[in-house]
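Input: a single structure, listed below in structure tokens.
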Number of protein chains: 2
Amino acid sequence: MPITKTLFMEEFAAPRAGKKLNCSISRKGKIMDVHHLKIFVSVYKNKSFTRASEDMHISQPTISEHIKNLENSLDCRLFDRLGRSIMPTAEGDVLYPRALQLLDDLDTIQEEITDAGTGVKGRLIIGASTIPGTYILPRVAYSFKKQYPDVAFEILIEDSGKITSMILQHDLLCGIVGARMVSDKLDFEPLLEDELVLVASPKLLDKKTVSVENLKTIPFLQRETGSGTRQTFENYLEKVHFTPETLNIVASLGSTSAVKQAVKESLGASVISRIAVQEELDSGVLLEIPILNNKMKRQFYMVRQNKRTLPPQYRAFCNHLKIG
Amino acid sequence: MPITKTLFMEEFAAPRAGKKLNCSISRKGKIMDVHHLKIFVSVYKNKSFTRASEDMHISQPTISEHIKNLENSLDCRLFDRLGRSIMPTAEGDVLYPRALQLLDDLDTIQEEITDAGTGVKGRLIIGASTIPGTYILPRVAYSFKKQYPDVAFEILIEDSGKITSMILQHDLLCGIVGARMVSDKLDFEPLLEDELVLVASPKLLDKKTVSVENLKTIPFLQRETGSGTRQTFENYLEKVHFTPETLNIVASLGSTSAVKQAVKESLGASVISRIAVQEELDSGVLLEIPILNNKMKRQFYMVRQNKRTLPPQYRAFCNHLKIG
DNA sequence: TAAACAAATAGATAATGCCGATTACTAAAA
DNA sequence: TTTTAGTAATCGGCATTATCTATTTGTTTA
């Protein structure tokens with residue numbers, strides 16, 4: 001979504017008019033470069049070509065040559081050669097402070113680049129599907145922020161399919177999802193295991209267990225296509241040779257909490273992440289009904305483009321997830 | 001004097017501590033140069049090495065090479081190569097606006113240098129001895145300012161010797177003096193002719209003319225050593241085989257107006273530029289006493305170091321003097 | 001799978017940077 | 001004046017770098 005897209009595309013997309021052929025046909029083709037400026041500054045400070053050459057550990061003829069080049073590219077004299085000594089011209093006097101400034105700016109840029117590559121700070125946008133985004137990431141974000149206070153942590157919750165495709169389109173750098181997608185561009189790294197459990201309101205069902213076959217007799221609530229929960233469930237059904245179409249689907253809902261709410265209101269049963277219903281199970285509002293001889297394990301993955309370089313705050317976050 | 005010295009020496013003299021061996025032992029010895037940055041900017045804008053190469057009229061491998069160099073010198077990746085496309089890394093995103101800024105600054109410097117070499121503006125300090133500084137330059141300055149309003153005109157009045165030596169020491173770029181000095185470093189260009197006249201108060205003398213011989217009978221006021229007026233006068237005496245020591249010197253004074261005042265008060269006679277006493281001669285306060293068969297002509301010169309490059313406002317002033 | 005496209009690599013050549021030795025010039029000293 | 005010392009410019013040559021074309025490698029699309 002545009003929220004995150006701007007992160008990468010803002011200036012990248014701007015064509016910026018003007019300043020076209022400014023490097024085309026200059027007198028000698030030579031352009032004022034950084035090295036020239038460094039030498040100029042040294043000559044100006046030392047008031048001597050020879051002393052500048054000692055200062056910079058290069059030969060005096062090289063200094064002469066570079067100053068000449070610089071003078072040619074600027075089309076002016078920078079120093080009057082007076083025999084025993086030199087004096088800067090008006091142009092030299094103008095150039096000197098600017099050159100110092102420019103070299104300073106260059107150093108600053110170098111520092112900023114280094115910092116951008118090592119400083120754990122800035123926006124950290126993690127895409128996540130419902131379960132990790134709601135029940136896992138907030139905790140992780142808290143402890144991460146404590147360690148790296150300069151990071152602005154943002155959690156973007158969409159279903160697993162949406163998150164994955166955003167990463168494919170470079171709208172997002174990494175995410176935590178509950179379903180793998182076949183793509184050789186993406187890395188999926190297993191993070192933690194979850195279990196889907198069949199839950200129902202005690203008013204709807206009070207059986208202790210069900211067999212797979214019995215499933216088709218139960219009114220059923222399901223998630224939308226693209227949901228990792230749904231995909232895990234369907235994979236499970238396939239594995240146990242149960243045709244999903246024979247389920248008695250009473251509704252398709254767009255979020256875990258919507259499904260949970262509907263289950264609480266006895267509209268049907270559903271399979272939901274244990275982690276998302278743990279509270280309700282503990283309090284007895286919902287009932288877990290084990291399926292005979294089977295568990296629906298599912299894995300959450302960290303997903304990212306395998307070719308993209310992650311900024312340091314993202315790398316730190318990935319480490320944080322694996323370690324703590 | 002320090003007033004003008006600062007013009008050339010201010011930053012020139014400052015050694016500026018710190019930032020010593022910062023260019024010494026970097027990984028590949030390569031330094032981020034302007035050309036690299038231009039190529040980087042083009043790649044970033046075009047989102048493609050190939051399109052950047054077309055844009056800049058160099059080959060694609062050259063672009064690859066330069067980006068690689070830049071990446072090495074910054075010790076980071078700037079673009080992730082994704083196969084068909086590229087995306088800037090966080091470092092690339094940081095570098096881009098800075099690089100644009102830096103290239104802009106460079107252009108600005110070029111413009112400023114050009115301007116410094118052609119723009120008739122800024123301080124214009126003209127050294128002058130008493131006569132030209134008092135009776136000629138103010139008029140010239142007025143008409144010059146009218147033509148070039150951006151010039152700050154300053155007249156520094158010292159005697160001819162002082163002005164000339166300041167120019168020799170680079171404390172001044174040009175001056176107008178009434179006496180030549182033998183030096184192969186200086187250019188003296190004749191500007192205008194003046195005449196020294198023998199003047200006295202009517203109370204002191206009422207002769208119509210005097211002979212050279214009669215001079216020793218007259219109480220005489222003279223200028224200090226270094227004065228162009230005095231030197232011209234002594235040259236004259238030498239030419240007519242008159243020994244200056246035989247003059248009846250009653251006082252040596254430090255300025256033309258001091259001498260003039262003293263003459264008015266009948267302390268003695270003196271030789272003064274006609275231009276400086278024209279008013280008094282016209283009104284009859286002072287009397288011009290021609291010396292038989294002789295005129296004391298003297299020349300004013302524009303003087304400057306022959307090796308120094310003059311800034312544009314100085315060149316414009318020199319032209320102005322010759323023409324108008 | 002083949003075709004098209006983009007960047008990386010390789011090998012060759014031209015341009016440039018850099019050096020040491022020398023020259024030319026100036027200023028100071030003998 | 002001549003000599004000496006100091007400083008920048010020039011020269012010839014070597015080393016490095018920039019750039020090119022041709023090719024390879026890898027990715028995406030048909």
Side-chain angles (χ1 to χ4, degrees), chain A residues 23 28-40 42-44 46-73 77-89 92 168-170 183-186 305-308, chain B residues 23 28-40 42-44 46-73 77-88 92 168-170 182-186 305-308:
Chain A
C23 62
K28 291 268 179 174
K30 302 269 283 182
I31 214 65
M32 173 166 49
D33 87 24
V34 175
H35 196 194
H36 288 152
L37 291 183
K38 285 193 173 167
I39 287 173
F40 166 78
S42 178
V43 170
Y44 195 102
N46 286 294
K47 300 193 266 290
S48 153
F49 284 41
T50 304
R51 278 194 295 280
S53 80
E54 289 158 4
D55 223 44
M56 306 203 64
H57 306 290
I58 55 183
S59 73
Q60 168 267 315
T62 304
I63 301 278
S64 288
E65 177 74 12
H66 280 311
I67 295 293
K68 192 165 69 180
N69 288 151
L70 188 55
E71 288 178 331
N72 285 340
S73 73
R77 285 236 118 180
L78 292 169
F79 297 100
D80 282 326
R81 281 73 158 177
L82 306 172
R84 187 174 105 110
S85 64
I86 60 174
M87 285 286 287
T89 61
L168 265 178
Q169 293 171 246
H170 303 291
S183 164
D184 48 0
K185 288 184 184 172
L186 299 179
Q305 282 255 13
N306 52 27
K307 299 253 168 128
R308 291 295 307 267
Chain B
C23 61
K28 291 268 181 177
K30 303 270 284 184
I31 214 64
M32 174 166 49
D33 87 23
V34 174
H35 197 196
H36 289 151
L37 290 183
K38 285 194 173 166
I39 287 173
F40 166 78
S42 178
V43 170
Y44 195 102
N46 286 295
K47 300 193 268 289
S48 153
F49 284 43
T50 305
R51 278 195 294 280
S53 80
E54 290 157 4
D55 222 44
M56 305 203 64
H57 306 289
I58 54 184
S59 73
Q60 168 265 315
T62 302
I63 302 279
S64 289
E65 177 75 11
H66 280 311
I67 294 294
K68 192 165 68 181
N69 289 150
L70 189 54
E71 287 178 332
N72 285 340
S73 73
R77 284 235 118 180
L78 292 169
F79 297 100
D80 283 325
R81 282 72 157 177
L82 307 172
R84 188 175 106 112
S85 65
I86 60 174
M87 285 285 287
L168 264 178
Q169 292 173 244
H170 303 292
V182 277
S183 165
D184 49 1
K185 288 183 186 174
L186 299 178
Q305 282 254 12
N306 52 27
K307 299 252 169 126
R308 292 293 308 266

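Computed over heavy atoms, backbone and side chain alike; hydrogens, waters and symmetry mates excluded. Labels below follow one simple rule: chain letters A, B, ... track the order of the sequence lines, proteins then strands, and each chain is numbered from 1.
For C:dA7, one of the phosphate oxygens OP1 or OP2 lies less than 4.0 angstrom from a side-chain nitrogen or oxygen of B:Ser48. Contact annotation: A:Arg81 reaches the phosphate of D:dA9 (side-chain N/O to OP1 or OP2, under 4.0 Å). Phosphate proximity of D:dA9 to A:Ser64: present, with a side-chain N or O under 4.0 Å from OP1 or OP2. The side chain of A:Lys68 contributes an N or O atom lying less than 4.0 Å from OP1 or OP2 of D:dT10. For the OP1/OP2 pair of C:dA6 and a distance below 4.0 Å, the side-chain nitrogens and oxygens of B:Ser85 include no atom meeting the criterion.
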Set out, line by line, the N/O atom pairs under 3.5 Å between protein and nucleotides 26-30 of chain D.
residue : atom : partner  : partner atom : Å
D:dT27  : OP1  : A:Lys307 : NZ           : 2.8
D:dT28  : OP1  : A:Lys185 : NZ           : 3.0

Each nucleotide N or O in nucleotides 19-23 of chain D that has a protein N or O under 3.5 Å away: list the pair and distance.
residue : atom : partner : partner atom : Å
D:dT19  : OP2  : B:His66 : NE2          : 2.3
D:dC20  : OP2  : B:Ser59 : N            : 2.5
D:dC20  : OP2  : B:Ser59 : OG           : 2.9
D:dC20  : OP2  : B:Thr62 : OG1          : 3.0

Give me, pair by pair, the N or O atoms of the protein and of nucleotides 11-13 of chain C that are less than 3.5 Å apart, along with how far apart they are.
none

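The shortest heavy-atom contact between B:Ile86 and B:Lys47 is CG1-O, 3.6 Å. In this structure, A:Asp33 and B:Val34 approach most closely via the heavy-atom pair CA-CG2, 4.0 Å. In plain terms, the two heavy atoms of A:Asn306 and A:Asp184 that are nearest each other are ND2-O, 2.7 Å. The shortest heavy-atom contact between B:Met56 and B:Lys38 is SD-O, 4.0 Å. The nearest pair of heavy atoms linking A:Thr62 to A:Ile58 is CG2-CD1, 4.2 Å. Minimum heavy-atom separation, B:Gln305 to B:Leu168: NE2-O, 3.0 Å.
Note: CZ (A:Arg77) to P (D:dA8) measures 12 Å, nearest angstrom. For the pair A:Tyr44 OH and D:dA8 P, the interatomic distance rounds to 16 Å; values are reported in whole Å. Rounded to an integer number of Å, the gap from A:Phe49 CZ to C:dC25 P is 17 Å. Following rounding to the nearest Å, A:Ile86 (CD1) and D:dT7 (P) show an atom-to-atom distance of 11 Å. With rounding to whole Å, B:Asp33 atom CG is found 19 Å from D:dT16 atom P. A straight line from CG of A:Asp80 to C1' of D:dA8 spans 14 Å, rounded to a whole angstrom. If you take CG of B:Asn72 and P of D:dT16, they are 18 Å apart, rounded to a whole angstrom. Between the C1' atom of C:dA6 and the CZ atom of B:Phe79 lies a distance of 14 Å, rounded to the nearest Å.
Note that NE2 of B:His36 is 11.0 Å distant from CD of B:Glu71, once rounded to the nearest 0.5 Å. Atom CZ of B:Arg77 and atom CD1 of B:Ile67 lie 10.5 Å apart (nearest 0.5 Å). The line from CZ of B:Arg308 to NE2 of B:His170 is 6.0 Å long, rounded to the nearest 0.5 Å. Distance check, rounded to the nearest 0.5 Å: CD of A:Glu54 to OG of A:Ser48 gives 7.0 Å.
Side-chain contact check for B:Leu78 versus B:Val43: every heavy-atom pair is 4.5 Å or farther apart. Side-chain contact between A:Leu82 and B:Lys307 is present, with at least one heavy-atom pair separated by less than 4.5 Å.
Residues meeting the side-chain hydrogen bond (donor to acceptor under 3.5 Å, both in side chains) test with A:Thr89, sequence neighbours left out: A:Glu91. Judged as a ring pair (Phe, Tyr, Trp, His ring centres under 6.0 Å), and not counting sequence neighbours, the contacts of B:Phe40 are B:Tyr44, B:Phe79.
Between its two ends, the helix from C:dT1-D:dA30 to C:dA30-D:dT1 turns its axis by 10°, counting five pairs per end and rounding to 10 degrees.
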